[in-house]
Protein chains: 2
Amino acid sequence: MSKIKVIRNETKLAAIEQQASILFKQKGYSATSMKDIAEQIGIEAPSLYNHISSKADLLKTICFSVADSFEEEMKRSEQRNATPEVELEQMLRFHIQMMLNNFTTLWVANHEWKHLSQIYLKKYIDKRKAYENKMRWLIEQGITKGTFAALDAKMATLIILAALRGLEFWQKEKQPANADVLENNIIQQLFNGLTQ
Amino acid sequence: MSKIKVIRNETKLAAIEQQASILFKQKGYSATSMKDIAEQIGIEAPSLYNHISSKADLLKTICFSVADSFEEEMKRSEQRNATPEVELEQMLRFHIQMMLNNFTTLWVANHEWKHLSQIYLKKYIDKRKAYENKMRWLIEQGITKGTFAALDAKMATLIILAALRGLEFWQKEKQPANADVLENNIIQQLFNGLTQ
DNA sequence: CCTACCGATCGGTAGG
DNA sequence: CCTACCGATCGGTAGG
């Protein structure tokens with residue numbers, strides 16, 4: 001009986017985190033009230049505190065679950081010992097898949113992280129920076145090898161990261177989104193550009 | 001004397017709008033209080049209402065001043081009767097310049113527009129859509145002509161728009177930002193891609 | 001431009 | 001899981 005209780009509480013916690021993500025994306029973190037979240041779950045606002053410790057902690061959980069996913073992929077990626085251009089392509093493909101499969105939580109992590117409490121803000125920014133640095137390093141390697149054009153590596157990184165965010169708009173359009181076509185289209189455009 | 005008064009009030013209104021933009025970008029619209037804005041100006045919160053009608057109206061003014069700038073450029077652009085690829089390039093260059101010279105207000109328009117009141121929300125979305133459609137139409141023309149590769153025009157548009165947002169990150173890095181180099185780098189990467 | 005103040009709502013706690 | 005309630009803060013108004 002106690003076992004069932006634990007399972008139920010875990011699914012309810014998951015439901016709260018999911019609804020919080022949806023609302024944080026829809027209205028923004030600050031404009032979302034605990035009452036808003038509670039209503040989606042079907043309970044009163046104070047009852048949320050049986051599952052979570054605070055609104056700030058809810059945001060922390062969402063942002064760090066995303067950051068940790070990317071961190072883990074980076075570690076896996078390094079163990080594959082691929083060429084810089086292949087490793088970059090693989091990072092991009094992982095990023096695109098994350099965008100398609102977890103787009104609400106990614107949206108929140110990308111746009112609402114600035115509302116993280118002081119304690120977690122720096123740690124979060126550092127994790128993001130590590131990902132960005134890794135991508136820039138791969139581009140620099142590609143430039144040195146001569147595979148990539150002699151662009152500004154930092155700007156190329158930012159353009160790529162920004163372009164990946166374009167998938168947010170794509171999701172919004174509710175296109176049936178054939179993941180493979182999407183992936184290849186983006187990779188092609190970023191690697192080869194617009195012109196023939 | 002009354003003339004001086006008018007001028008003073010106009011500059012104070014401009015100052016309020018400027019500080020509001022900075023704070024809306026920094027903390028987000030919802031997390032910014034009228035007291036926050038008033039403090040930056042050096043007056044009490046209720047005194048703001050001698051210059052503005054509401055917080056919502058402040059956001060409206062910011063968002064629509066940006067949207068109107070792009071709308072005017074689109075009209076000018078059409079009168080130049082250039083080829084689609086040249087017109088696209090010119091639109092991109094204008095967009096980049098706007099990003100560099102008005103990046104705080106553009107940031108707010110890009111990220112906080114969802115907090116616009118019902119009445120203005122649809123009108124704003126329509127203006128954005130018109131800009132997006134114009135860009136997609138130019139890309140479609142370029143594809144038909146054979147100047148551009150046979151990409152998905154809609155996705156290409158979204159990738160370009162997202163990439164232009166990358167300049168937000170760039171600004172944040174406080175790089176001295178030689179505008180010409182930046183412009184050419186972005187145009188090159190979007191048109192020709194990463195690879196040699 | 002200020003002080004004084006309004007009703008509404010916020011995140012969160014107490015106690016059961 | 002609820003009701004009752006806390007102090008704080010919100011956007012905005014009245015009146016001078």
Side-chain angles (χ1 to χ4, degrees), chain A residues 1-2 4-17 19-24 26-63 108 112 114-121, chain B residues 1-2 4-17 19-24 26-63 108 112 114-121:
Chain A
M1 198 182 118
S2 70
I4 292 168
K5 214 172 190 175
V6 168
I7 290 169
R8 279 205 178 137
N9 281 337
E10 273 172 9
T11 57
K12 185 144 275 184
L13 173 60
I16 290 168
E17 287 170 355
Q19 291 305 318
S21 292
I22 292 169
L23 287 165
F24 289 169
Q26 219 167 70
K27 314 178 70 173
Y29 173 76
S30 294
T32 300
S33 68
M34 299 310 279
K35 204 185 159 212
D36 290 333
I37 299 169
E39 266 169 18
Q40 292 299 312
I41 304 292
I43 57 176
E44 297 298 318
S47 302
L48 289 170
Y49 293 89
N50 289 308
H51 305 280
I52 60 155
S53 62
S54 68
K55 187 187 174 188
D57 193 69
L58 217 35
L59 180 63
K60 188 208 88 179
T61 302
I62 295 166
C63 289
V108 173
E112 301 297 312
K114 66 178 164 190
H115 296 110
L116 283 168
S117 56
Q118 287 291 105
I119 329 163
Y120 298 112
L121 193 57
Chain B
M1 200 182 116
S2 72
I4 291 169
K5 214 171 190 176
V6 169
I7 290 167
R8 279 202 179 137
N9 281 340
E10 273 172 8
T11 56
K12 185 143 277 182
L13 173 59
I16 290 169
E17 287 169 356
Q19 292 304 318
S21 292
I22 293 169
L23 287 165
F24 290 170
Q26 219 167 68
K27 314 178 71 173
Y29 173 76
S30 294
T32 300
S33 68
M34 299 310 279
K35 205 185 158 210
D36 290 332
I37 299 170
E39 267 169 16
Q40 292 298 314
I41 305 292
I43 57 175
E44 298 297 319
S47 302
L48 289 170
Y49 292 88
N50 289 309
H51 305 278
I52 60 155
S53 61
S54 67
K55 188 186 174 187
D57 193 70
L58 216 34
L59 180 64
K60 188 208 88 179
T61 302
I62 295 166
C63 289
V108 174
E112 301 298 311
K114 67 179 164 191
H115 296 111
L116 282 167
S117 56
Q118 287 291 107
I119 327 162
Y120 298 113
L121 193 57

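Proteins come first, then strands; the chains are lettered A, B, ... in the order of their sequence lines, and each starts at number 1.
At D:dC1, one or more side-chain N or O atoms of A:K12 fall inside 4.0 Å of OP1 or OP2 (strictly under the cut-off).
Within the 4.0 angstrom heavy-atom criterion, only backbone atoms of the sugar-phosphate kind lie near B:T32; the bases stay farther away. If you check every strand for non-hydrogen atoms under 4.0 Å, B:S53 touches nothing. At a threshold of 4.0 angstrom between heavy atoms, the contacts of B:S33 are confined to the sugar-phosphate backbone, with no base atom among them.
Sequence order on DNA chain C of the closest nucleotides to A:N50 and A:M34 puts A:M34 first from the 5' end.
Counting heavy-atom neighbours within 6.0 Å of B:K114 NZ, excluding the residue itself, gives a total above 12.
Pair assignment for C:dG7 gives D:dC10, based on Watson-Crick or G-U wobble hydrogen-bonding distances that are each under 3.5 Å. Under the Watson-Crick or G-U wobble criterion, with both distances below 3.5 Å, D:dC1 is paired with C:dG16.
Contact between B:T32 and B:K55 at its shortest, heavy atoms only, is O-NZ, 2.8 Å.
Look at NZ on B:K55: it is 4 Å from P on D:dG11, rounded to the nearest Å. A:E39 has its CD atom 12 Å from the P atom of D:dC2, to the nearest Å. Rounded to whole Å, the distance from CD1 on A:I52 to P on C:dG11 is 10 Å.
B:L116 is not listed as a side-chain neighbour of B:Y29, based on a closest heavy-atom distance of 4.5 Å or more.
Residues A:D36 and A:S33 have side chains that bring a donor and an acceptor to within less than 3.5 angstrom of each other.
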